[in-house]
Number of protein chains: 2
Amino acid sequence: MSFVARTSWQNVRDRVHGLILDGTYRHGDKLPRDEDLAEELGCARTTLHRAMRALADTGIIERRRKGGTTVRTDPVTRATLDIPVTRLEVEARGFTYGYHLLERTEAVPPAPIAAALKMLKPHRMLRVQALHLADGRTYVLEDRWVSLQTVPEIAQVDLSTQSANEWLVRNRPVSHYDIRISAHSCDVKEAQLIGAQEGQAVLVVERMTWTNDAPITHVRATNSPGFHLMASSRS
Amino acid sequence: MSFVARTSWQNVRDRVHGLILDGTYRHGDKLPRDEDLAEELGCARTTLHRAMRALADTGIIERRRKGGTTVRTDPVTRATLDIPVTRLEVEARGFTYGYHLLERTEAVPPAPIAAALKMLKPHRMLRVQALHLADGRTYVLEDRWVSLQTVPEIAQVDLSTQSANEWLVRNRPVSHYDIRISAHSCDVKEAQLIGAQEGQAVLVVERMTWTNDAPITHVRATNSPGFHLMASSRS
DNA sequence: AAGTGGTCTAGACCACTGA
DNA sequence: CAGTGGTCTAGACCACTTG
């Protein structure tokens, strides 16, 4: 029954956040300097710093050397989006995962793909079109381009049983990536493949990945109708 | 010309990341314990910890007490999404921002809205429908519900010149929020308002915000055609 | 130039959790 | 219950940036 509010950075973070929520410090206000605030809250400056960084990460406050810490006036809504490997996503929803290779070709990618991957000189890539299934029904239509220059081994991999994603994930660590989310009206062919009506709106997620500036892959995932992404403020 | 690679947590983070990218440690492999790795890299354990936490945050490694640190086998694509206040977004694109109030009513929200806000007993809310304009053209159609219980003062605010968002942002700090992104085929009315064709696919972003479990607002932002969201791996 | 946040270190102790 | 990551502290120094 003892409320031993131990000093911990999470506790400190919540207390500072509380001072903002209850109006002690309002939008645009300047908070005390770290050293003073730490003393006031009874913790080390390092601990306060840890707490403040968490608040700064979520976009609640803004910190500047010499400028001090202020409550953001124009807070951005900053959310973390987790996009798991499709197989795991399907399985997490309690369905049986399936994979079906539609087509596999090699070609130089069209300009938009090359541009998205920031390729200066477009080179031959492997194009893989496939379906991810959930309990036998289409879950996602995937249209992928893989760089044969960065990942030559992919040419020898059997992609009829194993998704290119699964192979890449295990064999080519990614150093950074971009994501683009948009809405799309599906054409006749897409509609048929993902079990939608022609013209129906679907969510399209494109991902571009690189290893140290060398392009790995561009994936365009056309989700089935009704699919949505969820995100939330970081805890 | 001196490559004084000073030990800093970013440097350490990049070096450990490098050990993963170059295949020294592969997916599923276990990394040395912090103390050993710190000594190997010539930094304090605290500094290594800072670096490892950054890698864990981006989903590259997984850390467990007693279990050690392993390279994630099923890496999630974890991205940070920043959604600014609409006015700033429009201005950042070099357009002149405009705001137009369409309708303002009070009512008990329909079930889906109440459910999204986790309201146990739906109560009266203020409903505000408005357009955000960029150089006079519709940029976003906003359909917002504001809790009159949590934010009673909003009833007295003039929302014909000031967006509800702007007022809320300055007067009701948010403790946490959820975001939902989906694709939507617009109906006749929406199409007309946002300058689209009937049935055209548009990106819909819904946001629910709370202060300490008390619902503040539900916003449904229907973006104009062609709009897309971008995100990328955290630096 | 001076003030404020950012980081590093070393050491101690805590809290999970897997063998 | 022992091993590993997580955190706290105190003090020093660094680096940015604003007055």
Side-chain angles (χ1 to χ4, degrees), chain A residues 2-17 19-20 25 27-73 75 78 234-235, chain B residues 2-17 19-20 25 28-75 78 234-235:
Chain A
S2 55
F3 296 93
V4 188
R6 305 249 311 297
T7 67
S8 72
W9 71 266
Q10 287 99 335
N11 185 319
V12 173
R13 184 243 288 145
D14 291 344
R15 278 195 284 165
V16 175
H17 194 180
L19 292 175
I20 295 169
Y25 297 105
H27 289 290
D29 285 0
K30 191 167 171 179
L31 274 68
R33 40 195 288 261
D34 284 14
E35 196 171 340
D36 296 342
L37 198 49
E39 189 182 12
E40 195 176 312
L41 298 178
C43 67
R45 187 159 86 83
T46 322
T47 304
L48 180 82
H49 179 69
R50 179 78 176 82
M52 296 299 253
R53 192 161 45 72
L55 292 174
D57 279 348
T58 60
I60 293 169
I61 60 175
E62 193 162 11
R63 318 198 78 202
R64 273 192 211 164
R65 292 175 176 177
K66 169 85 179 184
T69 304
T70 52
V71 183
R72 283 189 74 128
T73 315
R78 185 170 300 167
R234 294 183 205 156
S235 60
Chain B
S2 56
F3 297 94
V4 187
R6 306 247 310 297
T7 67
S8 71
W9 71 266
Q10 287 101 334
N11 185 317
V12 173
R13 184 242 288 144
D14 291 344
R15 278 196 285 165
V16 175
H17 195 182
L19 292 175
I20 296 171
Y25 298 106
D29 285 0
K30 190 167 170 178
L31 274 67
R33 43 196 282 265
D34 284 13
E35 196 171 340
D36 296 342
L37 198 49
E39 189 183 13
E40 195 176 313
L41 298 177
C43 68
R45 188 161 84 84
T46 321
T47 305
L48 179 82
H49 178 71
R50 179 78 175 81
M52 296 299 252
R53 192 158 47 71
L55 292 173
D57 279 348
T58 60
I60 292 169
I61 61 174
E62 192 162 12
R63 318 198 78 203
R64 274 194 210 163
R65 291 175 175 174
K66 170 86 179 186
T69 304
T70 53
V71 182
R72 283 190 73 129
T73 314
D74 313 305
R78 186 169 300 168
R234 295 185 204 155
S235 62

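All values reported here derive from a predicted model rather than from experimental measurement. Chain identifiers are assigned alphabetically (A, B, ...) following the order of the sequence lines, protein sequences preceding nucleic acid strands; residue numbering begins at 1 within each chain.
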Whole Å only: how far is the [atom1] atom of [X] from the [atom2] atom of [N]?
{"X": "A:Asp36", "N": "C:dG5", "atom1": "CG", "atom2": "P", "value": "9 Å"}
{"X": "B:Lys30", "N": "D:dG5", "atom1": "NZ", "atom2": "P", "value": "8 Å"}
{"X": "A:Asp34", "N": "C:dT7", "atom1": "CG", "atom2": "C1'", "value": "13 Å"}
{"X": "B:Leu48", "N": "D:dT7", "atom1": "CG", "atom2": "P", "value": "14 Å"}
{"X": "A:Arg65", "N": "C:dG5", "atom1": "CZ", "atom2": "P", "value": "11 Å"}
{"X": "B:Arg63", "N": "D:dG5", "atom1": "CZ", "atom2": "C1'", "value": "6 Å"}
{"X": "A:Arg53", "N": "D:dG6", "atom1": "CZ", "atom2": "P", "value": "13 Å"}
{"X": "A:Arg50", "N": "D:dC8", "atom1": "CZ", "atom2": "C1'", "value": "12 Å"}

Does OP1 or OP2 of [N] have a side-chain N or O of [X] closer than 4.0 Å?
{"X": "B:Thr46", "N": "C:dA10", "result": "no"}
{"X": "A:Thr69", "N": "C:dG5", "result": "yes"}
{"X": "A:His49", "N": "C:dG6", "result": "yes"}

Distance-only donor-acceptor check, side chains B:Arg78 and B:Thr58, under 3.5 Å: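 Judged by distance alone, the side chains do not pair up.
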(message) side chain to side chain contact (heavy atoms under 4.5 Å, CB included) for A:Leu37 and A:Val12? Distances and angles first, verdict last.
(response) CA-CA 10 Å; A:Leu37 198 49; A:Val12 173; over 6 Å; no
The side chain of [X] lies closest to which of these nucleotides: [options]?
{"X": "B:Arg64", "options": "D:dC8, C:dG18, C:dT9", "value": "C:dG18"}
{"X": "B:Lys66", "options": "D:dG3, C:dT4, C:dA10", "value": "D:dG3"}
{"X": "A:Trp9", "options": "D:dT18, D:dC8, C:dT9", "value": "D:dC8"}

Report task. Take atom CD of A:Gln10 as the centre, draw a 6.0 Å sphere, and report whether it contains more than 12 heavy atoms from other residues, nucleotides or ligands. Result ->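 Correct, the count exceeds 12.
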**Message:** Please classify the nucleic acid contact of B:Arg45 as base, sugar-phosphate, or nothing, using heavy-atom distances under 4.0 Å.
**Reply:** base
Contact class for A:Gln10 (heavy atom, under 4.0 Å): base, sugar-phosphate, or nothing? sugar-phosphate
If each end axis of the helix from C:dA1-D:dT18 to C:dG18-D:dC1 is fitted on five C1' pair positions, the angle between them, to 10 degrees, is 20°
Practice task
Could you tell me whether the side chain of B:Asn11 reaches within less than 4.5 Å of the side chain of B:Leu41, counting heavy atoms only?
Solution key: no
Rounded to the nearest 0.5 angstrom, the CG-CD distance for A:Leu48 and A:Glu35 is 10.5 Å
Separation between CG (B:Leu19) and CG (B:Leu31), nearest 0.5 Å, reads 7.5 Å
(Q) For residues 39-55 of chain A, which residue pairs pass the salt bridge (Lys or Arg N to Asp or Glu O under 4.0 Å) check, not counting sequence neighbours? (A)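 Listed by first then second residue: nothing to list.
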